[in-house]
Amino acid sequence: MSLSQSNADVAVVGLGRVGLPLALSFADRGLTVIGIDNDAARLGAVADGRMPFQETGGQELLERVVSGRAEPRLTLSERVADAARARHIVITLGTPSFSHIEIDMRDIRSALDDLLGVLAAGHSLTLRSTVAPGTTDFVAGYLTKHRGFEIGEEVFVAHAPERIAAGRFLEEIDTLPCIIGGVGARSGEVVAELFGVFGAPVVQTTPVQAELAKIWTNILRYTHFALPNLLMMDCERYAANVFEVIDLINRDYPRGGIAQPGFTAGTCLRKDFAFSEERSAAPGMLLAVSRVNESVPLFLIEGAKRRLGSLANRKVAVLGLAFKADTDDERDSLAHKLIRLLERELADVVVHDPHVAGPTAPLEEALAGAELVVLATNHTEFRSPHVLAAIAERAAGDCLVVDPWNCWGGAQVFAYASELAALGAPG
Ligand SMILES: NC(=O)c1ccc[n+]([C@@H]2O[C@H](COP(=O)([O-])OP(=O)(O)OC[C@H]3O[C@@H](n4cnc5c(N)ncnc54)[C@H](O)[C@@H]3O)[C@@H](O)[C@H]2O)c1
């Protein structure tokens with residue numbers, strides 16, 4: 001296909017949690033957009049005007065873009081090759097990591113192979129997915145090797161990483177600096193024309209610097225939360241209170257700033273560190289950070305067993321399945337690991353989460369007769385005094401409550417429900 005036949009401004013390949021809000025936002029800014037995904041159910045939901053996952057403001061945006069227009073600005077396709085009908089192609093496919101500590105590029109490779117035959121001079125190809133350092137240059141090299149394009153002159157390739165947090169897409173797309181690392185002379189400028197529609201500051205850099213900036217944005221957060229998680233484990237060893245130690249570190253100290261403990265995972269943090277670890281100058285350092293965060297569920301279970309004895313045949317209520325507060329995203333959530341480990345203790349686990357798509361037990365049912373309550377996700381709903389009152393009313397008399405988030409203001413990772421009720425001040 002020649003670019004003169006193009007009938008859209010931009011194609012977004014992969015309508016996931018990054019791609020769909022991006023495609024809708026381009027359309028909302030007046031661009032004609034082709035949204036591509038190989039998941040027919042997902043395309044069906046979008047075509048019917050239903051957001052397939054929670055994103056703040058997403059449903060209204062989808063309705064604005066998809067419904068009530070004579071000329072829809074978003075068309076949908078299952079074929080990656082249809083992306084060539086647009087001048088700009090943005091790839092928002094998943095980039096997991098193999099257990100070998102190596103980026104899994106299979107989806108990106110597959111999309112590239114689908115595009116190879118249909119790319120033409122004038123196309124731009126942007127990697128919006130998070131990728132290992134060197135991937136953007138690899139993509140450019142792949143197009144040159146197989147099609148002979150001069151990248152940066154004929155075809156334009158760049159990395160423009162997504163740094164928006166889930167749930168904040170619409171708030172941040174207009175404001176977060178848009179990093180663009182273009183290959184060759186003009187790729188950065190061409191891709192900046194596309195992302196310029198959002199009006200956020202554009203920061204031009206090299207492809208590898210854009211890749212490193214994105215990965216290290218997430219490594220910084222992953223490490224930032226590993227430190228209080230490790231401190232929480234240290235405090236248990238010394239019979240100290242982690243919340244009091246954190247307060248001692250931070251209070252009126254200009255160089256403080258340690259974060260609070262919690263479940264630190266999710267689809268990005270849990271794997272992006274591996275893209276650096278893959279060829280690290282200090283192999284194992286980030287793996288150790290990951291090990292700390294991944295150990296939190298086991299640490300909490302061991303702490304509960306030290307206080308309650310065996311958990312076999314005892315009812316445990318797990319509050320929260322999502323990987324972070326106020327999202328329905330369960331991918332790579334440590335709550336699932338917690339549940340698996342509890343089941344290996346032969347505990348009777350009942351789960352409640354008000355956000356996730358799958359069915360969970362109602363709160364009252366999950367709490368009824370529970371001897372252990374673990375707050376796995378700090379959803380806003382759980383902060384309500386009503387939840388603490390429901391624990392006091394429904395759970396077993398000597399129920400142990402595990403709240404690594406200090407969501408209920410008890411300032412104890414392990415507390416008995418009676419102690420929390422006496423403290424009485426929800427956080
Ligand atoms: N989720 C986030 O909050 C977030 C934030 C910043 C960056 N990222 C990065 O953005 C990228 C995408 O993440 P995501 O969470 O949107 O992933 P996702 O899994 O939600 O979306 C990927 C989409 O691509 C589709 N897909 C897979 N293979 C395909 C193929 N061959 N052809 C067409 N469609 C295909 C899937 O059906 C899915 O809808 C990843 O690199 C991720 O690390 C994610």
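We count ligands from 1, going down the list as the structure has it; atoms in each ligand are counted the same way. In this chain, residues are counted from 1 in sequence order. Not measured: the values here are computed from a predicted model.
Residue contacts with ligand 1 for Leu15 involve N, CA, C or O but no side-chain atom from C-beta outward (heavy atoms, distance under 4.0 Å). By the criterion of a heavy-atom distance under 4.0 Å, the side chain of Lys271, and not its backbone, is placed next to ligand 1. Counting heavy atoms closer than 4.0 Å to ligand 1, residue Ala111 contributes nothing at all. The part of Lys214 lying near ligand 1 is the side chain, judged by heavy-atom distances below 4.0 Å. Within the 4.0 Å heavy-atom criterion, neither part of Asp114 lies near ligand 1.
Of the possible donor and acceptor atoms, none in the side chain of Thr377 sits under 3.5 Å from a partner among the backbone N and O of His379. The backbone N or O of Val18 lies less than 3.5 Å from no partner atom in the side chain of Glu162, so there is not a single donor-acceptor pair.
Which of Pro52, Gly16, Ala166 comes nearest to atom 21 (O) of ligand 1 through a heavy atom is settled by distance: it is Gly16. Within the set Asn38, Ile164, Val131, Thr130, the minimum heavy-atom distance to atom 33 (C) of ligand 1 is found for Asn38. For atom 32 (N) of ligand 1, the nearest non-hydrogen atom from the set Asp37, Thr327, Val80 belongs to Val80. For atom 13 (O) of ligand 1, the nearest non-hydrogen atom from the set Ile215, Leu269, Val18 belongs to Val18.
Using bins of under 30°, 30° to 60° and over 60° for the plane-to-plane angle, the ring pair Phe273/Tyr222 lands in the parallel bin.
Arg331 NH1, 3.3 Å is the protein heavy atom nearest to atom 19 (O) of ligand 1. Protein heavy atom at the shortest distance from atom 41 (O) of ligand 1 is Thr95 OG1, 2.5 Å. Looking only at heavy atoms of the protein, atom 22 (C) of ligand 1 is closest to Gly94 N, 3.8 Å. Nearest protein neighbour of atom 24 (O) of ligand 1, counting heavy atoms only, is Gly14 CA, 3.4 Å.
Remark: ligand 1 and Arg163 share no N or O pair separated by less than 3.5 Å (distance only, no angle test). Taking only nitrogen or oxygen atoms, main chain and side chain alike, Thr92 does not reach within less than 3.5 Å of ligand 1.
Less than 4.0 angstrom separates some heavy atom of Asp107 from each of these atoms of ligand 1: 27 (C), 28 (N). Of all atoms in ligand 1, listed by their number and element, those nearer than 4.0 Å to a heavy atom of Asp39 are 37 (O). Proximity to Leu93 (heavy-atom distance under 4.0 Å) selects the following atoms of ligand 1: 11 (C), 12 (C), 24 (O), 26 (N), 27 (C), 28 (N), 29 (C), 30 (C), 34 (N), 35 (C), 40 (C), 41 (O). Heavy-atom contacts of Glu162 reach the following atoms of ligand 1: 6 (C), 7 (C) (cutoff under 4.0 Å).
Put simply, the side chain of Cys178 reaches to within 4.5 Å of the side chain of Ile180, judged on heavy atoms.
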- Task: Take Asp329 and Thr267 through the side-chain hydrogen bond (donor to acceptor under 3.5 Å, both in side chains) test and state the conclusion after the steps.
- Result: CA-CA 9 Å; Asp329 194 344; Thr267 181; over 6 Å; no

- Item | Full working for side-chain hydrogen bond (donor to acceptor under 3.5 Å, both in side chains) between Thr380 and Asp326 | CA-CA 7 Å; Thr380 303; Asp326 303 338; 2.5 Å; yes

Show every donor-acceptor pair shorter than 3.5 Å between a side-chain atom in residues 130-139 and any protein atom, with sequence neighbours excluded, or say none if there are none.
| unit_1 | atom_1 | unit_2 | atom_2 | d |
| --- | --- | --- | --- | --- |
| Thr135 | OG1 | Ala132 | N | 3.4 |
| Thr135 | OG1 | Ala132 | O | 2.6 |
| Thr136 | OG1 | Glu211 | OE2 | 2.5 |

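The CZ atom of Phe98 sits 10.0 Å away from atom CD of Glu278, with the distance rounded to the nearest 0.5 Å. Atom CD of Gln260 is separated from atom CG of Asn250 by 7.5 Å, given to the nearest 0.5 angstrom.
Looking at residues two or more places apart in sequence or on another chain, you find a salt bridge (charged side-chain N to carboxylate O under 4.0 Å, His left out) between Glu193 and Arg87.
Of all non-hydrogen atoms in Pro161 and Lys214, the two that sit nearest each other are CB-CB, 3.5 Å.
Both tests do not hold together for Arg221 against Phe225: distance to the six-membered ring centre under 6.0 Å, angle to the ring axis within 45°.
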